[in-house]
There are 2 protein chains.
Amino acid sequence: MNAQPLSGDQRLPIYQRLADILRRDVTEGRLRPGDRVPSDNELSHAYELSPGTVRKALDLLVQEDLFERFHGRGTFVRRPSFDASLFRFFRFRTPDGTKSVPEGRILRRTREKVPSYIARQLKIPEGDAAISMSRLRLIDDVPIVAEEIWLPLQRFEAFLDILTEDVGNLLYPVYDEVCGQLIAKAEESLTAEAASAETARLLRIETGSPVMMIDRLAKGYDGTPMEWRRSRGRADLFHYHTEIR
Amino acid sequence: MNAQPLSGDQRLPIYQRLADILRRDVTEGRLRPGDRVPSDNELSHAYELSPGTVRKALDLLVQEDLFERFHGRGTFVRRPSFDASLFRFFRFRTPDGTKSVPEGRILRRTREKVPSYIARQLKIPEGDAAISMSRLRLIDDVPIVAEEIWLPLQRFEAFLDILTEDVGNLLYPVYDEVCGQLIAKAEESLTAEAASAETARLLRIETGSPVMMIDRLAKGYDGTPMEWRRSRGRADLFHYHTEIR
DNA sequence: GAGTGGTCTAGACCACTAT
DNA sequence: TAGTGGTCTAGACCACTCT
């Protein structure tokens, strides 16, 4: 790497500006998940900064969960892996206590006119066509969560070309491989409601019994909305634990 | 402050050991919420450390939300203030949009034999006497959350001496002032259920309609369990938002 | 053994706050 | 103006990983 000047707002601290550059290297694809980031040494020479300043920038990005550092090995771009995050919420015991990815079964995949609420979330024009899916997640053939998924047609058209039977239990790797779309982060919004007849049928519970509803808007590294998803699961299996200070 | 050697496990990094000392100063009451922590300069002289190392220890404690630093003013022990945290969960609009502490109305306060589940949570002997309370939280006279509260009798006996009408809308300041018990952190556990007849009556909703149930175990700085609380609120007012990466 | 990140030093200079 | 924390330098030494 050659010496280059630090770009960005001159009024910001140097370590912030270096962090901004590296963050943009990720959002714009020059650094991909799993890639090695240049070492502290390389960076401090390339940008002519003292090692302490470089370290501070990297520490910041580690704190943001964008990078991870390994003593003696190097600094790497973290692979986001929150597809299983839904299942932080739901208790599920396997006989041997090991964790497993629940089965994902696509019940329906059609091209539909996107409802306006979802169009706003996905930031696509109202009335556009989009991909709509109904998907069931099961553990030992017991339905745990019913999902309703919407994808912008433009980015995900290729997804319609593969057989739903060939889609595995995780969608995000397929989005990456088939459509070149990387999911990096998401917002989740959680509430509870009484089960509709349709939800009750899918989850094999009584109509009107309490279900948890989790809306997720998944985004790329640059914040572009990619996927909207509404998940409904049996409240009696739901359990969220948090520490507050 | 005079020079003193760093105690603690010699194999740990120095900044960790300094952080441990300061953390213990808080848990053991030598530093109280709102107190000023000795300045970077004072600490680096007292422990004969370089300023960078002291800063690293303090940064760690800031990250833990134990301290807060103000440029030009100093470093201070943060005042924990999560009594309002329940109301991160519940939507409530005031006409003018300002946030207000919801009303807290104590409906019952009695001395009871503690149920064994709660005894285990509070780490007190099964069968001990404890303080039991029923409390309703309201906004504009509309009940939002019904609470069931248990306190260990030993620490909170003085709480029985004050009139329930004199207890304000926040309990934790009263615990501090009347019983000398400081709440520092808590664990919360969240699920949903169908409203019982009793819960429905308190919240003025239909029996069987979905309610959110939030269990909280509040603890002191040293981790001693202080208060167990179960809150139930209308699911239609409940809304939890989070970002995942 | 070469390269990596983790810890630590001993300062300098600056921006902010209080008085 | 004195004291505080925030930024930054220019190293040293160590522990860990890879080959």
Side-chain angles (χ1 to χ4, degrees), chain A residues 1 3-23 25-26 31 34-78, chain B residues 1 3-23 25-26 31 34-78:
Chain A
M1 271 181 119
Q4 30 187 307
L6 269 180
S7 57
D9 190 332
Q10 304 295 317
R11 295 165 305 181
L12 288 168
I14 296 175
Y15 76 90
Q16 281 280 7
R17 279 148 63 198
L18 177 55
D20 288 344
I21 288 171
L22 294 169
R23 218 183 277 110
D25 283 344
V26 176
L31 282 173
D35 282 358
R36 223 206 77 191
V37 176
S39 72
D40 292 24
N41 221 314
E42 288 171 308
L43 289 170
S44 72
H45 282 95
Y47 293 98
E48 291 176 332
L49 299 174
S50 95
T53 304
V54 169
R55 157 167 283 275
K56 193 157 181 184
L58 292 172
D59 282 349
L60 190 64
L61 296 166
V62 167
Q63 248 191 288
E64 290 174 15
D65 265 349
L66 189 65
F67 286 178
E68 46 188 349
R69 314 193 88 192
F70 299 96
H71 197 169
R73 283 212 292 136
T75 304
F76 299 82
V77 181
R78 243 199 66 203
Chain B
M1 270 180 120
Q4 31 185 306
L6 270 180
S7 57
D9 190 332
Q10 303 295 316
R11 294 164 306 180
L12 259 42
I14 296 174
Y15 75 91
Q16 281 280 8
R17 279 149 63 199
L18 176 56
D20 288 344
I21 288 171
L22 293 170
R23 217 182 279 110
D25 282 345
V26 175
L31 282 173
D35 282 0
R36 224 206 75 192
V37 176
S39 72
D40 293 24
N41 220 313
E42 289 171 307
L43 289 170
S44 73
H45 282 95
Y47 293 98
E48 290 175 334
L49 300 173
S50 95
T53 303
V54 169
R55 157 167 283 274
K56 192 157 182 185
L58 293 172
D59 281 350
L60 190 65
L61 296 166
V62 167
Q63 249 192 286
E64 290 175 14
D65 266 349
L66 189 64
F67 287 177
E68 46 188 349
R69 316 192 85 189
F70 299 96
H71 198 167
R73 284 213 290 136
T75 303
F76 300 82
V77 181
R78 243 200 69 206

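Numbered from 1 within each chain, the chains take letters A, B, ... in sequence-line order. Remember, predicted model here, so these are calculated numbers, not experimental data.
- Scanning both residues, Leu31(A) and Leu22(A), for their nearest heavy atoms gives CD1-O, 4.4 Å.
- Following rounding to the nearest Å, His45(B) (NE2) and dG3(D) (C1') show an atom-to-atom distance of 13 Å.
- Taking atom CZ of Phe76(A) as the reference point, atom C1' of dC18(D) lies 11 Å away to the nearest angstrom.
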- Summary of protein contacts for nucleotides 4-10 of chain C, nucleotide by nucleotide, where a base hit scores B, a sugar-phosphate-only hit scores S (4.0 Å, heavy atoms): BBBBSBB
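- Gly34(A) approaches Phe76(A) most closely through the heavy-atom pair O-CD2, 3.7 Å.
- Every residue meeting the side-chain contact (heavy atoms from CB on, under 4.5 Å) condition with Ser39(B), not counting sequence neighbours, appears here in chain and number order: Arg36(B), Asn41(B), Glu42(B).
- Across all non-hydrogen atoms, the minimal contact from Pro38(A) to Leu43(A) is O-CD1, 3.6 Å.
- Glu68(B) has its CD atom 18 Å from the P atom of dT4(D), to the nearest Å.
- Distance check: Leu60(A) CG to Lys56(A) NZ gives 9.0 Å after rounding to the nearest 0.5 Å.
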